[in-house]
Every structure is written in C-alpha cells, then in structure tokens.
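When a ligand or atom number is given, it counts from 1 through the structure's own listing order.
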Amino acid sequence: MKTDFKKSSALRKNTKAIHAGSVEHSIYGEISVPIFQSSTFVFPSAADGAARFSGEQSGYIYTRLGNPTVNALEESIAALEGGFAGIATSTGMAAVGIVFLALLNQGDHIVATNCIYGASRVMLEKELTRFGVRSSFVDTSDFSGIERALLPETRMIFVESPMNPSMKITDLRAVGRIAAKHKILYTVDNTFAGPYLQRPIEMGADIVINSLTKFLNGHSDVIGGMIVTAGEELYKKIRRVSQVFGTTMDPHQAWLILRGVRTMPLRVERAQENAMKLARFLESHPKVSWVSYPGLAGHPQHRIAKKQMDGFGSMISFGVAGGIESGITVMNNVRLIKLAVSLGGVESLIEHPASMTHASIPRQQREEAGILDELVRLSVGCEDYEDIRDDLNQALNEIREPKALKPKPADGRQNRRPTRR
Ligand SMILES: *Cc1c(COP(=O)(O)O)cnc(C)c1O
C-alpha cells in the first residue's frame, strides 16, 4: 500500500503526531505553525465578507469562530483520534460542558460511568439538573449495568476508561454495541489514555473528549480541551454551540499545545515503561496493600485493556497499609515526586483523591465508585525509573509499623481492597 503523504489519515500515529495539523507556508517557508495572534481577519471585499458569513467561502472571520493556529491543533488531534474534525476549547471542562449543552435537551437522561472526573460528575449532578437533565451513574466496567440503567429518555452514554482514579477499564466496543442498538449518543472522555494509546471512535464512539492539559500537552503548563466527532453532523452542531457560548481556545494556547503534541508519543512511551516497572515494584512492597494498574496480569480487566489499548498508560492507583494516615505519610515524604493534582506531564505527581480531587463527592458515592480513603493516585513521569522508585520507596518506608498507628474505624472500611492482586 502506498502512503499518501498529503492525507494525514493515511499516516501512522507517530508521524501524525509530528505532521498532522499545519498551515500553508508563508513566503518564509517556516516549519512551525505560526501563532496567528489576531482577533479578527480582513476580508478582501464586501462580497468576500458576506460569502464567509454565509459559509459559501472558507476563510477566517473572527477568532472566536475560528483561527488558523487553533485549526491546526484541531486537525492534529482529529487525525490522532481518527475522527471527522476537532473543536478546541479553552479547558477540558469546557469540552465536557459544550458536548452536553449542544446535544441534550430538557428531560433527557444520561447514563455515565460512576467513577468519572470529579468536575464532570459535579456538572452532571449539580448543574445540568437545573436544566432538567438527569443522570444515572453505573460501574461501566460491567457493561450489563448500562442496559439496566437505560430509560426511554436516555440520550447519551458517557464513559471514561481507564476510570479516574480506580483505573478500572470499560469494554469500549461492548458499550458501542449497546449505544448503536438503542440509538443513543456515545461519548468517551479519553483523557486518561489519550489517542496514542486508545481511539474510541474506532470502537463505536460518536464523540471523544480530551483534556489537552494532560498527556497531549504534557508539560504541566497549559490548560485546554478538544472535542472530536466521528461524523460531520455532530461536528456542526457542537461547533455552533461552542462559538455561541464562547468556549474557544486562544491561538497562543493552541500553539503551545501543538508543540507538546509533537513529542507526545515519546513521552507516553517513556512514562508507561516507567509505570509498568513501578506497578510491579509497588506490588511487591510490604507497605502497599493493593495496586491497580491495567498492565498487571491480576488487574480485573487486564484482558480488555490489552485488546482495546496500544499500551497501559502511566496512571497507577494503590492502597497503602494502614489507610488514610499512611497515605498522608507517603504524600508528605516524597521529594522528587510532587504532591499535586493533574496528570500526564513529564514530571511524576502524586495525590490523594478522597481528600483532594474527589472530596466534593459524598463518601458513600465515592466508595461505591472504588475511591477508598486509602487510595493514592500516581501519575508516572519521564524521569529515570530508579529515581522515582527510590523516592517512593523511602516515602513508603516512613510509614510506621501498623501497631503504632491509630486504631482503625470499627467497620474496617479502610482495609477493603477494590481489586484483587
Ligand atoms: C483533567 C480532566 C478533565 C478536565 O480538564 P481541564 O483541562 O482541567 O478542564 C476532564 N476529564 C478528565 C478525565 C480529566 O483528567
């Protein structure tokens, strides 16, 4: 088969990351996409201005409606996800919000993964309910639960896999079949894997969301979001709403993220190589009670992960013996690894979901979603494996022997294991 170098869809994924998303060279022949830092664009004539507004002529009008630098990033991520086109947004949450605003009406119902990004859950439960949109949350790693939760007014299935922070996996193809059978929109938040490792559109998704803040930008310095649709109709609908609500990305922001995307495959490969080694190390550590990483053979959905992902990524969650107190000890004693939320950057980060990212979710709902008090989330970076390991090891060894710890609660909750090793 001959490669059509002009068509990014014909290229392989490393090449796409480097070449997809570009603009015509100016007279200078620049390699990098320029930053078109302009809020508005000159029309050659009144007739051209009218033709651009009516859509008869392509060309830029005003940056909230479209910008060449932002468009280059949209093309890049759409090519990586294998979709029709992309819509860049100011943040990942703007992408989540615009998908809901564009596609749901009063009275509609969503079935969502119970272990989704904290702010997405708050949006569904506290904000969309004000507009008469209701949601049910189910553990989508058992996809039979989805069909049971469907109502006549269900309009969308919203899935996150791997789940944050339990690292459970949902069978994305199986959910695609359910959505197709019931003619329901199927949206996947792909942030925890990213298009280099997982492409939900190939598995039946209609819409894919990425927080570009994470793996795609990868340098913990810019926020951004992207919606990619499988087809043109959804693209037009969502684009229109994004323009009207003004969730557009800024050209300088787009330029920085595109710069990150060019080296994304190298970062993802390196980080997941570190993560696999660290998961094995943690599994054998006496102070660690359980490890959830899709790459471990003992992970409950290891086989599904292997089937639908090109790699297992670099997010690990684990429980520390002694529960919450021990988790705090680890977080307060790491030196190289930084205590911070977010993920997917070149540096390793550690956080405690129950008291930080997922603290706004009531405890019972948290526990149903597998977010136990003892769970520590680790975003593995691109440092030398031995340095991350040694830092974690010394922090874990700061945990005192179990008998010196405070008594555990009578219900013994903190010792429950969400996954078997
Ligand atoms: C970070 C994140 C978001 C939100 O993205 P922002 O860029 O922070 O707005 C949404 N979903 C998931 C899974 C995330 O990790």
Would you check the N or O atoms of Lys214, main chain and side chain alike, for any that come under 3.5 Å of an N or O of ligand 1? yes

Donor-acceptor contacts under 3.5 Å from residues 96-109 side chains, at least two apart:
| residue | atom | partner | partner atom | Å |
| --- | --- | --- | --- | --- |
| Asp108 | OD2 | Asn105 | N | 2.7 |
| His109 | ND1 | Thr154 | OG1 | 2.8 |
| His109 | NE2 | Ser136 | OG | 2.7 |

Among Asp189, Val222, Asn210, the residue with a heavy atom nearest to atom 11 (N) of ligand 1 is Asp189

Leu378 and Leu392, any side-chain heavy atoms less than 4.5 Å apart: yes

Enumerate the atoms of ligand 1 whose separation from the nearest heavy atom of Glu160 is less than 4.0 angstrom. 13 (C)

Any non-hydrogen side-chain atom of Val175 less than 4.5 Å from a side-chain atom of Ile157? yes

List the closest protein heavy-atom neighbour of atom 7 (O) of ligand 1: residue, atom name, distance to the nearest 0.1 Å. Thr213 OG1, 2.6 Å

Check whether Thr247 reaches the backbone of Gln243 with its side chain - one donor and one acceptor, N or O, closer than 3.5 Å. no

Please report which non-hydrogen protein atom sits nearest to atom 8 (O) of ligand 1, along with the residue it belongs to and the distance in Å to one decimal place. Tyr117 OH, 3.9 Å

Which residue and heavy atom of the protein sit nearest atom 6 (P) of ligand 1, plus the separation: Gly92 N, 3.4 Å

Residue pairs fulfilling side-chain hydrogen bond (donor to acceptor under 3.5 Å, both in side chains) with at least one residue in residues 85-97, sequence neighbours excluded: none

Could you tell me whether the side chain of Thr69 and the main chain of Ala254 form a donor-acceptor pair under 3.5 Å? no

Taking the side chain as everything from C-beta on, heavy atoms only, tell me whether Tyr60 gets closer than 4.5 Å to Pro68. yes

Give yes if a backbone or side-chain nitrogen or oxygen of Leu343 is under 3.5 Å from a nitrogen or oxygen of ligand 1, and no if not. no

For Gly224, atoms of ligand 1 separated by under 4.0 Å from a heavy atom: 7 (O)

Of all the non-hydrogen atoms in the protein, which one sits nearest to atom 5 (O) of ligand 1, and at what distance? Ser211 OG, 3.0 Å

Within 4.0 Å of some non-hydrogen atom of Met93, the atoms of ligand 1 are 4 (C), 5 (O), 6 (P), 9 (O)

